[in-house]
Amino acid sequence: MLDLAPDTKIPKTAAEVIELIADAQAGGRTLEIIGGGTKRSIGAGSATDAVLSLAGLNKVIDYAPEELVLTAQAGVKLATLEKLVAAEGQMLPFEPPNLARLLGAKTQPTLGGALATNLSGPRRIRAGAARDHFLGLEAVTGRGELMKAGGKVVKNVTGYDLCKLMAGSWGTLTVLTEVTIKVLPAARTELTLVFFGLDERRAAEAMTQALNLPDEISGAAHLPRLAATRAPLKGEMAVTALRLEGFAASVAARADHLAIALKDFGRMERLDAEQSHAFWLQIRDVQAFHEDPRPLWRVSVPPSVGWRIGEAALGEALYDWGGGLVWLLADADADTVRASARRLGGYATLYRGDGPAFEPLEGPLLRLTARVKSAFDPDGVLNPGRMAHS
Amino acid sequence: MKMPLPDDTLIARKGEIVRALRRLVPGDGVIGDPAGLVPFQSDGLSAYRQTPLAVVLPETTAQVSAVLSWCQANGVKVVPRGAGTSLSGGALPLQDGIVLGMAKFNRILEIDYANRCAVVQPGVTNLAITGAVEVDGFYYAPDPSSQIACTIGGNVAENSGGVHCLKYGLTTNNLLGCEIVLISGEVVRLGGKGFDAAGYDLLGIVTGSEGLLGVVTEVTVRLLTKPQTARAMLLGFASVEAAGGCVGDVIAAGVIPAGMEMMDRPAIWAAEAFVGAGYPTDAEALLIVELDGPEAECSELSSHVASLARARGATTIRTSTSEAERMAFWAGRKAAFPAVGRISPDYYCMDGTIPRRQLPYVLTAITQMGLKYGLGVANVFHAGDGNLHPLILYDADQPGQLDAAEAFGADILKLCVAVGGVLTGEHGVGVEKRDLMGEMFNETDLACQQRLKCAFDPDLLLNPGKVFPRLHRCAELGRVHVHRGAVAFPNLPRF
């Protein structure tokens, strides 16, 4: 699946990134942009003339816990950062997944890669996505210019919010060299309520009902029976889980409140902090689907209708984000999966498997998107073919 | 404040332009007579005024589309406007352009509790969204102080904040989708009801674009469930340093309050004289800390915050014991601007953000600048996220004072940038901070932003004269090749 480009460049400074891109542009060459490379198989386009790896830009520049702000070079490993902020009692609020094993990569994800793909874990429903914590950047455009945008403080509306644009642009607009993110205090404790044996529709009702209560749920996931029987859970029944995080007294009070409010959903168990942590890690990284070789889709839809993806019987589903994020193992053809997602008001991305990964755009949105691409990378130097329009 | 030179040929064609627009928006939707234009001359930044060529008040997306494509075909500039509460001159009209007022888009289209969102037209006020859903235990989180009047469309354009940003985010963090009309008249849907959408995050780029990229005709906002309880605390300190230290201690303790506001002595006195909120007038700095969540959490955290305040030598520590008392604690802060208006004929509100650790240094420097300019200043401050609102006191009837206030304000914002902060935390650049953009961004940074503008609006017809200190034609930008940081067009004149 991966056509390795003949040579990989590992610049150590932003100046070297500028030079590589400027030279590629001048010579009409293309570059594949990677951080750790864990997600490079997603939407891999045609082979590029060279690979530009951010692995050499891996320093933390500034971390001020009391300001809730962290600045680092884009190639810093997520694991390094997670350790760093944990030592100060803080966390990366968007809970970035590590999809290395899911995607068969032997490397480690980076902060730049998480931001460039706007990948967020279960806490997305409460704390926001990667893009919501992306405060500032330095990046090199496809013209070989170093630009900066945003700032290094938590509240800023000066100029266009280019951080949002770069988040989820999959390296097709600029190469991030330095980024500033917002961090938050880590929860003192967590607890998960688990319900058993609900079908997908009933689980969606439970999650919706729970999320509509003032109990500040920070994770709402459903594993249908088949997914729950797989490793690592190896259970016997479908599992519906609701996570509560915060100060101990608050978590306990909310758990009691939820348990009463959801008593119609049958048997319920509580996972303590350690069990809860392990549970959400496997949801975050989609561990249930690590071993199955079938094509894997990431489907994003309005949360209340996510269960209908399962109902369509296209394959085997696993639900996060209260139903808004569906991981779907399916041999069904791409048009069928995409049409199902679109009918429900969402879209689908092929994370593992052969064929175009990204949702095709059309009409004025496609034309606008192409103009935006051209504004930053007019000659198509960066990640050609990575997204549907690029 | 220099605006782009008006095009006299367009001004001469006013009658013809108004007639053409009336064919697109019938009835009373086009205002051309001088008296009818007066209410649109300025926005919340009332020091600047300009009568527009005409005002158009469309009622449908189809009309917005027809007006914009006509304007593009005829080279007519467009200034979009919500309620006109911008504090940075975002809706300041142009002499040779029309104002596109979105006030008639005032319907809530759908409330979808299952997906915790509402679909609304852009002219719906911020507070009306919460008003429509609070009976069911929901609310819309961003709460700019103008929320009774400001519209959600304007909030999207400005990426508006409020006192609850630190915990709940700005507008951009609370949107799921929108419909915009481009200057070409093309209608584009961005996002929807899901947590993300295919393609680039253009919703994120339109949010906070200050009316330069498109006209918002529909917005899908996230709804949050109302916290079970909320409790406010008043913490008085003998010094700004102690209050600032307490803010840092609270965050270091892992507490993210729903709101954390600071007022300095002049602001405390003005507010207390105006509303009698019971603020401690012996304090040099006052913190209002709001905690929300389950009762158990509010109790635990309020006693925790009280002990942190005590350790910093707080001279006053009060926790609200009823909803009425909580509202009273906030009354002084929410009335701070009009309260300052009572002690000074005019005031000028600034909006920089700084790293919080720089607070004592910056406040001292602001006081010294005030002495230099001979003007007083009262400070209110979104302390949790470092967003300063110095209120510069002046009298526009005294010759030279407005100019001095503006120079003072510019000095404050330059200082904010110098200590690692930014020009604007929530009010937007508009015309007000346009010429200071060079303090934060170099020519390459600005060229990249302007190329994005060109992707949306190649003829630069949407809200020209705002945000960017220099207006490059898009064709010029296309040719720019800034090699290795070299400055482009260093000699281009400012307008």
Side-chain angles (χ1 to χ4, degrees), chain A residues 18 22 64 66-68 89 118 124 128-129 131-132 141 143 145-149 151-161 164-165 167-169 184-185 188 208 211-214 216 246-247 249-250 253-254 300-304 321 324 345-347 359 361 364-365 368-369 371-372 375, chain B residues 113-116 159 161 165 169 172-173 186 188 192-201 204-205 207-209 225-228 248 251-252 254 256 293-294 296-297 300 353 355-356 385-387 420-426 428-429 440-441 444-445 448-449 451-452 454-455 481-482 484-485:
Chain A
I18 293 170
E66 72 282 6
E67 305 284 347
L68 304 175
N118 189 31
R124 197 275 171 249
R131 53 93 86 181
D132 294 296
T141 68
R143 302 167 191 255
E145 305 153 311
L146 183 69
M147 66 150 198
K148 65 177 176 304
K152 294 179 178 179
V153 289
V154 294
K155 193 173 176 192
N156 173 27
V157 296
T158 319
Y160 294 136
D161 193 351
K164 301 286 184 297
L165 184 63
S169 67
L184 282 176
R188 287 299 164 82
T208 300
L211 288 166
N212 285 9
L213 293 168
E216 303 181 5
F247 292 91
S250 169
R254 285 182 279 146
S300 176
V301 286
S304 71
W321 297 357
Y347 74 104
E359 181 82 12
L361 307 174
L365 179 59
L368 177 60
T369 299
R371 293 196 298 273
V372 170
Chain B
Y113 289 133
N115 290 305
R116 293 162 296 284
N159 192 12
C165 286
T172 190
N173 311 112
E186 290 169 303
V188 182
K193 291 179 175 180
F195 286 108
D196 49 36
Y200 295 143
D201 187 355
I205 211 75
T207 309
S209 64
T225 51
K226 247 181 117 172
Q228 282 169 328
I251 287 171
I256 298 294
E297 179 170 330
E300 181 181 345
T353 303
R356 269 185 290 93
D385 41 32
N387 187 196
V422 299
L423 293 174
T424 171
E426 58 180 357
V429 175
M440 252 180 89
F441 298 115
T444 310
D445 304 334
C448 288
Q449 299 205 20
R451 287 196 204 104
L452 182 66
C454 293
H481 183 73
V482 187
R484 289 169 191 154

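Naming convention: chains lettered A, B, ... in sequence-line order (proteins, then strands); numbering from 1 in each chain.
- Taking CZ of A:Arg124 as the start and CG of B:Asp196 as the end, the distance is 7.0 Å to the nearest 0.5 Å.
- When each of A:Leu184, A:Val372, A:Thr141 is scored by its heavy-atom pairs under 4.5 Å with chain B, the top score falls to A:Val372.
- Of the charged side-chain nitrogens involved, none lies within less than 4.0 Å of a carboxylate oxygen, so that A:Glu66 and B:Arg356 do not count as a salt-bridged pair.
- For B:Asn387, the part lying near chain A is the side chain, with the backbone staying farther off; criterion is any non-hydrogen pair under 4.5 Å.
- B:Thr225 places no side-chain N or O within donor-acceptor distance of the main-chain N or O of A:Asn212, the cut-off being under 3.5 Å.
- The nearest pair of heavy atoms linking A:Ala149 to B:Phe441 is CA-CE2, 4.0 Å.
- The choice from A:Asn118, A:Leu368, A:Thr369 that makes the most heavy-atom pairs within less than 4.5 Å of chain B is A:Leu368.
- For the residue pair A:Asn156 / B:Thr353, no side-chain donor-acceptor distance below 3.5 Å is found, with atom types taken as modelled.
- Pairing each heavy atom of A:Lys148 with each of B:Met440, the nearest pair is CE-O, 3.0 Å.
- Both the backbone and the side chain of A:Glu67 come within less than 4.5 Å of a heavy atom in chain B.
- Heavy atoms only, all atoms of each residue included: A:Asp161 and B:Gly204 are closest at CB-O, 3.9 Å.
- In this structure the side chain of B:Tyr113 never reaches within 4.5 angstrom of the side chain of A:Ser304, judged on heavy atoms.
- Using a 4.5 Å cut-off between heavy atoms, B:Pro294 touches chain A through its side chain atoms alone.
- With a 4.5 angstrom heavy-atom cutoff, A:Ser169 touches chain B via backbone and side-chain atoms both.
- Contact detail for A:Gly159 and B:Val429: the closest heavy-atom pair is N-CG2, 3.9 Å.
- Heavy atoms closer than 4.5 Å to chain B are found in the backbone of A:Ala167, but not in its side chain.
- Side-chain contact between B:Arg116 and A:Leu211 is present, with heavy atoms from C-beta onward closer than 4.5 Å.
- The residue among A:Lys155, A:Arg254, A:Glu359, A:Lys164 with the most heavy atom pairs within less than 4.5 Å of chain B is A:Lys155.
- With chain A as the partner, the residue from B:Ala114, B:Gly421, B:Ala296 showing the most heavy-atom pairs under 4.5 Å is B:Ala114.
- A salt bridge links B:Arg451 with A:Glu145: the closest approach of a Lys/Arg side-chain nitrogen to an acidic carboxylate oxygen falls below 4.0 angstrom.
- Annotation: maximal heavy-atom pairing with chain B below 4.5 Å, among A:Val154, A:Thr158, A:Val153, occurs at A:Thr158.
- Both the backbone and the side chain of A:Leu365 have a heavy atom closer than 4.5 Å to some heavy atom of chain B.
- Across B:Phe195 and A:Pro303, no two heavy atoms sit closer than the pair CE1-CG, 3.9 Å.
- When heavy atoms are compared at a cutoff of 4.5 Å, B:Leu452 approaches chain A by way of both its backbone and its side chain.
- Considering only heavy atoms from C-beta on, A:Met147 stays 4.5 Å or farther from B:Gln449 through its side chain.
- Of the two parts of A:Leu213, only the backbone, made up of N, CA, C and O, holds a non-hydrogen atom closer than 4.5 Å to a non-hydrogen atom of chain B.
- Note: B:Gly199 leads B:Gly199, B:Gly161, B:Gly208 in heavy-atom pairs under 4.5 Å with chain A.
- The CG atom of A:Leu68 lies 5.0 Å from the CD1 atom of B:Ile251; values are rounded to the nearest 0.5 Å.
- Residue contact with chain B, scored on non-hydrogen atoms closer than 4.5 Å, involves the backbone of A:Val301 exclusively.
- Pairing each heavy atom of B:Glu300 with each of A:Ala249, the nearest pair is OE1-CB, 3.2 Å.
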